[in-house]
Amino acid sequence: AGIHQTPIVDQLWAKRKQAQQQAAAVAPAEPSKSGERVLVSKTPEDSAQSVTYQFSNPEKQWLVDKYRNPWGHVRPGRLFEDLDALAGTIAFEHCRGTNPQEKNLHIVTASVDRIKY
């Protein structure tokens, strides 16, 4: 992993950074004349994100070790950290505007009804 505890969190932060860089590379748009942010309607599908754990890949044994506790069971805390980063990435994408001159909104909410492992 990079600077975070899990490679999934690293991957999600890299996605956010890449989205910001791509928006900055687009020709700068004029700031709105009223100074207010223009909200863009988005569906959940517009902001959807996913992660894939490749635990069954023999070349990714290091990944299995990262998520396994000393007794051979999954470490729920690692998964919660990933879920938190995933919720943040989804919120980032959903709140990101189309004008790179506007600052991004940061609204994060997450809810987990049940985790079965």
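Values below: every heavy atom of this structure, side chains too, minus hydrogens, waters and symmetry copies. Along the sequence shown, the residues carry numbers beginning at 1. Because the structure is predicted, anything quoted here is derived from the model rather than measured.
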Does Glu93 have any side chain to side chain donor-acceptor pair (under 3.5 Å) partners at least two apart in sequence or in another chain, and if so, which?
Arg96
Flag the pair Pro7 / Trp62 as yes when at least one side-chain heavy-atom distance between them is below 4.5 Å, and no otherwise.
yes
Heavy-atom side-chain proximity of Asp82 to Leu86 below 4.5 angstrom:
no
Does a side-chain heavy-atom distance below 4.5 Å link Leu79 with Tyr53?
yes
Shortest non-hydrogen separation from Ala85 to Val9 and the atoms involved:
CB-CG2, 3.9 Å
What's the spacing between His94 NE2 and Lys42 NZ if we round to 0.5 Å?
7.0 Å
Nearest atoms (heavy-atom pairs only) where Arg78 meets Thr6
CD-CG2, 3.7 Å
Can you sort out the partners of Asn69 under side chain to side chain donor-acceptor pair (under 3.5 Å), two or more places apart, ordered by chain and number?
none
Would you say Lys15 and Gln49 make side-chain contact, with heavy atoms under 4.5 Å?
yes
Are any non-hydrogen side-chain atoms of Asp84 and Glu81 less than 4.5 angstrom apart?
no
Got more than 12 heavy atoms from elsewhere within 6.0 Å of CD, Glu59?
no
Taking side chain to side chain donor-acceptor pair (under 3.5 Å) as the test, write out the residues that go with Arg16, two or more places apart.
Thr89
Any donor-acceptor N/O pair, Asp46 side chain to Thr43 backbone, under 3.5 Å:
yes
Side chains of Trp13 and Ile8, heavy atoms from C-beta outward: is any pair under 4.5 Å?
no
Taking the side chain as everything from C-beta on, heavy atoms only, tell me whether Arg75 gets closer than 4.5 Å to Tyr67.
no
